[in-house]
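In what follows, chains carry the letters A, B, and so on, assigned in the order in which the sequence lines appear, proteins first and then strands, with residues in each chain numbered from 1.
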Protein chains: 2
Amino acid sequence: MRLLLVEDDLDLAKGLLLALSAQGFVVNHVSTGKHALSSIKAKDCDAVILDLGLPDMDGLDLLKQSRQREGNLPVLVLTARDGIDDRIRGLDLGADDYLVKPFAMPELFARLRVIERRLGTAATHLIKLQQVELDTSAHLVRVEDEAVSLSRREFMLLKELMESAGRIKTREQLEASLYAWGEEVASNALEVHISNLRKKLPKDFIKTLRGVGYSVSVG
Amino acid sequence: MRLLLVEDDLDLAKGLLLALSAQGFVVNHVSTGKHALSSIKAKDCDAVILDLGLPDMDGLDLLKQSRQREGNLPVLVLTARDGIDDRIRGLDLGADDYLVKPFAMPELFARLRVIERRLGTAATHLIKLQQVELDTSAHLVRVEDEAVSLSRREFMLLKELMESAGRIKTREQLEASLYAWGEEVASNALEVHISNLRKKLPKDFIKTLRGVGYSVSVG
DNA sequence: CATTGTTTTAAGGTTACTTTAAGTATTCCC
DNA sequence: GGGAATACTTAAAGTAACCTTAAAACAATG
């Protein structure tokens, strides 16, 4: 995990750098809010350790800006200030955790490991093929970054096709996954949905295989 | 957000239940580790508040088992024990946060909000979309800088929607986050709340996706 | 215990999705 | 090229999902 350490006390920074890299973390160190922000913008780290007492900028301000720019970049705040009010302000502004100085190194490591574990398991069910992006968990489809609204059946159908991109889905397979047991469809509903889908997707995104079924290519 | 409160001190539990639901959390309460585990297995909550001092099971054990079963279910640990060693043990076993008793309620709320933010989209306690501003911590909503009064359920509903702005919330998801176990709703209460909310919000702020659910857009 | 505000239930009206069905366009094969 | 099979499009009919309203049940407050 790549860390950005924002700390103006050079002695403390040096100690932290040493200890963190001994624990296997990769750490970049900056000592001003300005540098911190540009590093955050460059998406150059997986998490931030932020000391609130900075010379050029209020730490909570920096936190706020970081939060606006990189929504869920984890930030662990270090502070000398005590008192519950300050802590709540920090947490509500988007800090993921909080450590009051002086703190024990092992506790810092433990908290970083929590963040690490969390980053590893950020699951999004997103399929992207060509210009088409389908988010199964959010029920959302984008074509060239433009949200497209699909009806329920259209969404189901597209999902089936995109989940087995590169392979052919037979008409029977598609009908089976769109319709539950009792409600087989007597007519050409499937073709109608395909037709309506195509109007909303790039040209030739869904290919027909005469006598067999449909497919979308991974290309 | 649905919480599971694991606490054997009934007085404390009662107080927490009251305070948390006033803050708009949906809370289920159990007092033994056994019940806690079965609820966790059933995936019936988004986060756990766990008191380490349980009668039937060591709290850290429960934490470990929960972690094995539900990898990233957030757990906030309450404890009377002090000393850094214990805290590190808790964090490394998978607790996401730690509060030593006695603690101040607002700090608990703040830490829950951190967890909440992490689970959903990275919204801070103040979410502003279009003309609508929602302050999670103050329970306040403004439309075009004009304060608007919402009932508890209306607020919860709007919060859920705004926290996942840009994504679609299914009916099931919304109902699950509005109602705790015993109080499932048999009828169209959700639709009624949506309808009442819309009267108080800008036109088309809440969009319907037939057969799927509802959403508000970030734009 | 009465008043007030909130939440749920229930019913009818409305909208938009889905299917049907009929006509048009393709592809394939002789 | 002509005929048959298959696929595509369109528009209208059917249907399921949703919206609104009003009233009943419930909870909080003085």
Side-chain angles (χ1 to χ4, degrees), chain A residues 139 141 148-161 168-216, chain B residues 14 17-19 21-24 26 139 141 147-161 168-216:
Chain A
H139 266 266
V141 174
V148 165
S149 91
L150 300 187
S151 74
R152 202 166 59 95
R153 291 248 130 103
E154 287 167 359
F155 188 89
M156 287 162 90
L157 183 50
L158 182 60
K159 184 176 145 221
E160 284 298 320
L161 286 170
I168 294 163
K169 279 280 193 182
T170 66
R171 194 179 257 298
E172 287 72 29
Q173 285 173 326
L174 290 173
E175 280 178 0
S177 53
L178 283 221
Y179 301 97
W181 287 352
E183 45 170 21
E184 283 92 17
V185 82
S187 179
N188 62 345
L190 182 67
E191 292 174 16
V192 174
H193 289 309
I194 290 277
S195 173
N196 290 329
L197 259 179
R198 291 215 248 235
K199 288 176 196 159
K200 302 176 182 179
L201 297 174
K203 195 160 175 337
D204 297 327
F205 185 75
I206 300 176
K207 285 194 260 302
T208 304
L209 284 104
R210 206 157 235 268
V212 188
Y214 299 89
S215 80
V216 309
Chain B
K14 207 168 155 188
L17 269 171
L18 220 65
S21 66
Q23 287 281 317
V26 175
H139 259 260
V141 174
V148 165
S149 92
L150 300 187
S151 74
R152 200 171 63 95
R153 291 245 126 104
E154 287 167 358
F155 187 89
M156 286 163 90
L157 183 50
L158 183 60
K159 180 173 141 231
E160 285 296 322
L161 286 170
I168 292 159
K169 281 280 192 183
T170 67
R171 222 176 170 52
E172 288 73 28
Q173 286 173 328
L174 290 172
E175 280 177 359
S177 50
L178 247 53
Y179 301 97
W181 281 343
E183 43 172 23
E184 282 92 14
V185 83
S187 179
N188 62 346
L190 182 67
E191 291 170 21
V192 175
H193 289 308
I194 290 275
S195 175
N196 291 328
L197 261 178
R198 291 214 247 235
K199 288 175 196 159
K200 302 176 182 179
L201 298 173
K203 195 162 175 337
D204 296 329
F205 184 74
I206 299 176
K207 285 194 263 302
T208 303
L209 284 105
R210 221 157 232 267
V212 188
Y214 298 89
S215 81
V216 309

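Between His193(A) and the phosphate of dC17(C), there is no side-chain N or O to OP1/OP2 separation shorter than 4.0 Å. Between Tyr214(A) and dA7(D) there is no side-chain polar atom (N or O) within less than 4.0 angstrom of OP1 or OP2.
Looking at the side chain of Thr208(B), the nearest of the listed nucleotides dT18(C), dT9(C), dC19(D) is dC19(D). Counting only heavy atoms from C-beta on, Asn188(A) has its side chain closest to dC8(D) among dC19(D), dC8(D), dT21(D). Closest contact between the side chain of Ser151(B) and the listed nucleotides dT7(C), dT18(C), dA7(D) involves dT7(C). The Ser195(A) side chain lies nearest to dT10(D) when the options are dT10(D), dA7(D), dT20(D). When each of dC19(D), dC17(C), dT9(C) is scored by its nearest atom to the side-chain atoms of Ser187(B), the top-ranked nucleotide is dT9(C). Picking from dT26(C), dT18(C), dA11(C) the nucleotide with the shortest atom distance to the side chain of Arg210(A) gives dT26(C). Comparing atom distances between the Arg153(A) side chain and each of dT18(C), dT9(D), dC18(D) picks out dT18(C) as nearest.
Per the geometry, CG belonging to Leu157(A) stands 11 Å off P belonging to dT18(C), to the nearest Å. Rounded to an integer number of Å, the gap from Arg198(A) CZ to dA7(D) C1' is 9 Å. If you measure from atom CG of Asp204(A) to atom P of dT26(C), you get 13 Å, rounded to the nearest angstrom. Atom CD of Glu154(B) and atom C1' of dT7(C) are 10 Å apart (whole Å). The distance between atom CG of Leu197(B) and atom P of dT21(D), rounded to the nearest whole Å, is 15 Å. dG5(C) atom P lies 12 Å from atom NZ of Lys200(B), rounded to whole Å. Atom CZ of Arg171(A) is separated from atom P of dT6(D) by 10 Å (rounded to the nearest Å). The distance from atom CZ of Arg152(A) to atom C1' of dA17(D) is 9 Å, rounded to the nearest whole Å.
Residue order along DNA chain D, read from the 5' end via each residue's closest nucleotide, puts Gly213(A) first among Gly213(A) and Val192(A).
Proximity of a side-chain donor or acceptor of Arg210(B) to a complementary backbone N or O of Arg152(A) within less than 3.5 Å is not detected. A donor-acceptor pair is defined here as one N or O able to donate and one able to accept, closer than 3.5 Å; no such pair exists between the side chain of Ser195(A) and the backbone of Glu191(A). One N or O on the side chain of Arg153(B) and one on the backbone of Leu178(B) form a donor-acceptor pair closer than 3.5 Å.
Residue contacts shown for Phe155(B) are absent, as no nucleic acid heavy atom lies under 4.0 Å away.
The shortest distance between side-chain heavy atoms of Tyr214(B) and Leu161(B) falls below 4.5 Å. In this structure, Phe155(B) and His139(B) have side chains that are in contact, with non-hydrogen atoms separated by less than 4.5 Å.
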